[in-house]
Chemist: 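Take a look at this one; I'll ask things after.
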Amino acid sequence: MNELATKYDPSAVEGKWYEYWMEHRLFHSEPDEREPYTIVIPPPNVTGVLHMGHMLNNTIQDILTRRARMQGKNALWVPGTDHAAISTEAKVVAKLASEGIAKTDLSREEFLNHAWDWTNKYGGIILQQLRKLGASCDWERTAFTMDDIRSESVIRVFNKLYDKGYIYRGVRMVNWDPKALTALSDEEVIYKEEQSHLFHLRYRVEGEEDKYIIVATTRPETILGDTAVCVNPNDPRYTWLKGKKVIVPLVGRAVPIIMDEYVEMDFGTGCLKVTPAHDVNDYMLGDKYNLPSIDIFNDNGTISEAGGMYVGMDRFDVRKQIMIDLDKAGLVEKVEDYVNKVGHSERTDAVIEPKLSMQWFVKMEEIVKPALASVMDDDIKFIPAKFKNTYRHWMTNIKDWCISRQLWWGHQIPAWFLPEGGYVVAENEEEALLKAIEKSGNAGLTIADLKRDPDCLDTWFSSWLWPISLFNGILDPDNKEFKYYYPTADLVTAPDIIFFWVARMIIAGYEFADNKPFNNVYFTGIVRDKIGRKMSKSLGNSPDPLDLIDKFGADGVRMGLMLGAPAGNDIMYDDSLCEQGRNFCNKIWNAFRLVKGWEVDGNISQPESAKLGVEWFSAKLNNTIAEVDDLMGKFRISEALMAIYRLFWDEFSSWYLEVVKPTYGQPVDKATFDSTLGFFDTLLRLLHPFMPFITEELWQHLADRKAGESIMYALIPQAECCDAPILAQFETLKEVIAGVRTIRKQKQIAQKEELQLHVKGNSDSSLNPILMKMANLSTIEHVEEKSPTSSAFIVGAIEYSIPLESKINVEEELAKLNKELDYYTKFLAGVEKKLSNEKFVNNAPEAVVAVERKKQSDATEKLEAIRASIAALQS
RNA sequence: GGGCGAUUAGCUCAGCUGGUUUAGAGCAUCUGCCUUACAAGCAGAGGGUCUGCGGUUCGAAUCCGUAAUCGCCCACCA
């Protein structure tokens with residue numbers, strides 16, 4: 001062991017232990033009599049690669065899982081991936097395009113073959129990357145939202161909801177993504193503020209020469225679909241228009257003037273053009289006034305035949321061209337600059353087109369109810385709690401969920417159309433046929449007569465089942481695993497998918513499993529760069545996590561991430577955080593080298609200083625264990641880690657080890673050695689959830705371990721008692737030692753040189769053996785008066801001094817004392833002011849007043865000592 | 001346009017129901033040390049009056065009001 005390098009080398013350790021854990025199936029869990037602790041991973045996109053957000057998120061999950069495992073629970077962390085319908089399909093389409101193949105050239109089956117090839121090739125890379133991080137997932141359970149169980153679960157759930165009347169099909173105004181060529185849910189639309197224009201266009205009034213009204217619009221190309229102009233009935237400017245028609249510019253179509261209070265009189269010109277096919281509000285007006293609806297767009301955002309002009313041109317090109325043409329025709333009044341919000345597709349960033357189309361929806365109103373209540377009542381706890389507000393707001397304003405997507409990659413909607421019209425919903429073709437025969441009364445129908453709806457389901461329609469479907473709880477709700485592992489314990493996720501995923505999982509939990517899916521939801525922050533920008537590919541400010549692991553080690557990166565991630569806050573990531581983590585690994589490593597390098601002699605007795613050191617550190621350790629328990633219980637993970645960091649670095653390494661360390665070349669006694677190894681073992685266990693690799697490596701070195709034995713299953717230490725008096729005594733001791741060190745530094749006295757210490761006052765001498773050793777003293781003497789040729793410092797009300805003969809500089813000593821005199825004089829004045837305030841003395845609780853009195857007497861005593869010292873120096 | 005949250009040392013954050021806090025931690029900074037576990041280290045030091053204003057109270061970083069700044073979420077003003 002003495003051969004250990006002076007620096008910790010993660011690369012020599014990490015792969016080795018991960019393999020060991022895998023080889024001995026230490027991540028695997030089966031139901032048993034222990035208390036379960038379950039986490040399901042937020043499934044990353046199957047073709048995705050690891051980014052910093054994943055690192056943070058999964059580090060936290062691993063910490064929680066490992067800690068639970070070491071608490072003796074049956075811990076299970078289930079991994080898996082999401083098929084990510086739109087985003088994967090888009091990637092496959094792009095790849096095919098690069099090979100000169102258009103999606104439209106392929107059959108559904110051919111396309112899906114390509115998609116599966118792609119998935120098999122890139123799928124799961126991200127899961128491999130997670131292993132580098134140390135993730136203790138039960139890989140034997142790796143699932144995919146499109147594997148058999150998960151797919152069947154989706155179909156089952158669709159049928160269930162349909163049978164209950166919660167799923168319906170209908171023509172509605174939906175968000176259309178002209179790039180992905182599919183409908184989207186409201187949540188998949190991101191509104192961005194954009195600099196645009198408000199175009200004021202002239203609409204001639206039919207049958208009235210030279211009379212026109214001005215309509216303001218941001219989308220002049222949509223006039224092709226205008227079927228009315230709307231004004232407010234209370235607007236005196238326009239009452240004369242009642243019953244008249246206006247001519248749509250360029251198009252020449254006469255459309256009616258309708259009157260509705262929906263129109264704001266003070267916005268724009270007070271005239272609103274109505275395009276029922278291409279605007280949600282216009283759709284509402286069209287519905288109310290029975291207006292025709294002209295769909296002027298093709299699915300890809302070009303103008304359709306129905307537009308009548310500019311056919312085949314892209315909507316944005318038309319916007320430019322039509323303004324030129326309108327201008328030529330003298331139909332433009334003016335153009336204003338205008339900032340408005342434009343909806344973009346979350347996945348493709350294409351500008352969303354509101355479009356009337358036939359889609360499938362989930363009726364949300366009813367099924368949302370238990371899900372809302374459970375979060376509001378803290379039956380499911382959100383951490384931080386502020387997200388309860390966000391959740392409540394969304395849940396109480398919830399709209400129906402558009403679940404159909406015009407994609408091929410995903411779960412195909414289990415609905416079959418009958419030849420004579422109408423459809424049936426079923427779990428499979430056979431069942432569909434039976435239902436179809438029953439519905440149509442046509443016993444001669446065959447499967448070939450039925451046509452299955454080509455659309456797929458929203459990807460979230462499968463992931464909302466994740467905590468249930470992972471344990472096959474949809475298809476077989478009475479199975480042992482589901483009963484054991486569900487509800488899961490904690491969910492760790494980013495707040496940006498609170499609606500997409502978290503809320504819907506809660507809804508699904510109550511709807512399909514009659515129980516919440518998890519007890520706690522821990523929302524992580526967003527990983528940003530040092531100057532607060534969100535990490536993104538386009539900015540290039542996102543480091544490659546695997547490079548970081550190479551550079552700092554997985555433990556170092558984990559620690560770095562956790563240090564910067566206080567609960568509920570975004571993390572401002574900087575490499576220096578990982579550097580700190582790496583340095584900590586090194587510190588642990590070197591502390592270990594020290595201890596392992598000691599030679600043990602069973603015949604020598606334990607020095608008093610070491611005995612006291614052991615007693616103190618034992619109490620300190622206990623204290624911190626209790627603190628860590630408390631913090632982890634509140635998900636204050638970074639604070640818990642910081643507490644352990646300080647315990648190891650400051651208390652254990654800088655104090656404890658220095659106290660018990662034998663003189664160079666000397667052996668250590670058996671009792672101290674054993675205690676020290678015991679402490680080391682406890683510290684490693686406390687640290688293991690945060691830094692799994694280095695702790696396993698050292699723990700294995702610490703003693704002879706059996707094959708398959710691992711720190712992963714060593715029990716996390718339990719706090720026993722706390723608040724031993726020795727804790728406070730030791731803190732005082734530290735101050736005294738620091739006092740001596742300061743004098744050494746000021747007087748440039750080497751540590752090797754022994755000093756005498758004079759103590760004036762009634763000091764506690766119980767830790768004197770440690771003081772002798774740490775301050776390298778020859779004697780500690782009580783004196784009535786300190787020697788004028790000594791350098792002094794005060795701790796509490798006790799004055800310590802070191803006789804130094806010639807080395808004393810009276811000026812310096814006086815300056816030091818005067819500074820203290822000044823400070824305590826002011827301090828005392830403050831306290832006395834408080835105490836002379838009758839209202840304070842009368843109203844404040846006795847204990848508080850007593851504290852002030854104690855401050856007063858201590859300060860008075862101290863001031864006396866300082867004054868005496870000054871007098872002695874001046875004499 | 002609504003709602004929520006934040007504002008404490010150079011940076012990132014603690015400070016729970018107001019009182020041993022004229023405010024703590026880590027990092028960074030400064031000074032001195034290559035002292036045989038560790039210079040990715042050791043020993044020491046400096047640094048903030050708690051965003052501004054007003055109020056409640058014997059007492060406020062902590063409670064209330066208000067302003068400013070930043071951030072997030074939601075919303076159909078063309």
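The sequence lines fix the lettering, A, B, ..., with proteins before strands; numbering per chain opens at 1.
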Chemist: Considering only B/C58, B/A37, B/G41, which nucleotide approaches the side chain of A/N583 most closely?
Modeler: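 Taking heavy atoms from C-beta onward, the closest nucleotide is B/G41.
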Chemist: With a 3.5 Å cut-off and heavy atoms only, can you find an N or O donor on one side and an acceptor on the other between the side chain of A/Y262 and the base of B/C76?
Modeler: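 A donor-acceptor contact between them is present.
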Chemist: Does the structure show a Watson-Crick or G-U wobble partner for B/U7, both distances under 3.5 Å? Name it, or say none.
Modeler: B/A68
Chemist: Tell me whether the side-chain N or O atoms of A/R741 pair up with the base of B/A43 as donor and acceptor below 3.5 Å, since no angle test is needed here.
Modeler: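 Not at all, since no donor on one side and acceptor on the other fall under 3.5 Å apart.
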Chemist: Under a 3.5 Å cut-off for both contacts, is B/A23 paired Watson-Crick or G-U wobble with anything, and if yes, with which nucleotide?
Modeler: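 WC or wobble partner does not exist here.
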Chemist: With both distances under 3.5 Å as the test, what is the Watson-Crick or G-U wobble partner of B/G46?
Modeler: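 Answer to the pairing question: none, since B/G46 forms no Watson-Crick or G-U pair.
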Chemist: Side-chain N or O of A/N389 less than 4.0 angstrom from OP1 or OP2 on B/C74?
Modeler: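 Answer is no, no contact under 4.0 Å.
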Chemist: Taking donor-acceptor contacts at under 3.5 Å, does the side chain of A/K745 reach the base of B/U31?
Modeler: yes
Chemist: Side-chain N or O of A/K341 versus OP1/OP2 of B/C76: is the shortest distance under 4.0 Å?
Modeler: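 So the side chain of A/K341 is outside the cut-off, no N or O lying under 4.0 Å from OP1 or OP2 of B/C76.
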Chemist: Would you say the base of B/C4 and the side-chain of A/K386 have a donor-acceptor pair closer than 3.5 Å?
Modeler: no
Chemist: Please report the distance separating the C1' of B/G47 from the corresponding atom of B/A28, rounded so that it comes out in whole Å.
Modeler: 12 Å
Chemist: Is any NZ, NE, NH1 or NH2 atom of the basic residue among A/K854 and A/D858 found under 4.0 Å from an Asp or Glu carboxylate oxygen of the other?
Modeler: yes
Chemist: Check A/W655, A/Y656, A/W649 against A/F652 for a ring-ring contact (aromatic ring centres under 6.0 Å, His included) and give me the one that passes.
Modeler: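 Per the ring-ring contact (aromatic ring centres under 6.0 Å, His included) rule, the option paired with A/F652 is A/Y656, out of A/W655, A/Y656, A/W649.
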Chemist: Should B/G41 form a Watson-Crick or G-U wobble pair with both distances under 3.5 Å, which nucleotide is its partner?
Modeler: B/C33
Chemist: Do the side-chain N or O atoms of A/Y283 get closer than 4.0 angstrom to the phosphate oxygens (OP1, OP2) of B/C76?
Modeler: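 No, A/Y283 has no side-chain N/O under 4.0 Å of OP1/OP2 on B/C76.
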Chemist: Between B/A37, B/C38, B/C58, which one does the side chain of A/F840 approach most closely?
Modeler: B/C58
Chemist: The side chain of A/A738 is closest to which nucleotide in this list: B/A37, B/G44, B/G26?
Modeler: B/G44
Chemist: Just compare B/G26, B/C58, B/C42 and give me whichever is closest to any side-chain atom of A/K587.
Modeler: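 Nucleotide nearest to A/K587's side chain: B/C42.
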Chemist: Among B/G19, B/A37, B/A75, which nucleotide has an atom closest to any side-chain atom of A/K399?
Modeler: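 Selected nucleotide: B/A75.
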Chemist: Please state whether the phosphate of B/C42, meaning OP1 or OP2, lies under 4.0 angstrom from any side-chain nitrogen or oxygen of A/W649.
Modeler: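 Yes, within the criterion.
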Chemist: Return yes if the base of B/A37 and the side-chain atoms of A/E658 contain a donor-acceptor N/O pair under 3.5 Å, otherwise no.
Modeler: yes
Chemist: So which nucleotide from B/U20, B/C73, B/C38 ends up closest to the side chain of A/T390?
Modeler: B/C73
Chemist: Categorize A/F499 for me: base, sugar-phosphate, or nothing, with a 4.0 angstrom heavy-atom threshold over every strand shown.
Modeler: sugar-phosphate
Chemist: Is A/E639 salt-bridged to A/K634, going by a charged N under 4.0 Å from an acidic O?
Modeler: no
Chemist: Look at the side-chain N and O atoms of A/K7 and state whether any lies under 4.0 Å from the OP1 or OP2 oxygen of B/C38.
Modeler: no
Chemist: Paired with B/G1: which nucleotide, if any, by Watson-Crick or G-U wobble criteria at under 3.5 Å for both distances?
Modeler: B/C74
Chemist: Look at A/K192 together with A/E194 and state whether they make a salt bridge at an N to O cut-off of under 4.0 Å.
Modeler: no
Chemist: Roughly how many Å apart are B/A25 and B/C64, using the C1' atom of each and rounding to a whole number?
Modeler: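 It comes out at 30 Å once rounded to the nearest Å.
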Chemist: Please determine, for the side chain of A/Q580, which listed nucleotide (B/G26, B/C42, B/C73) has the closest atom?
Modeler: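 For the A/Q580 side chain, the nearest candidate turns out to be B/G26.
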Chemist: Cation-pi between A/K834 and A/F840: NZ/CZ under 6.0 Å from ring centre and within 45° of the ring axis?
Modeler: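 Because its charged atom sits under 6.0 Å from the ring centre and within 45° of the axis, A/K834 does stack over A/F840.
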Chemist: Would you say B/G15 has OP1 or OP2 under 4.0 Å from some side-chain N or O of A/R636?
Modeler: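 Affirmative; the distance criterion is met.
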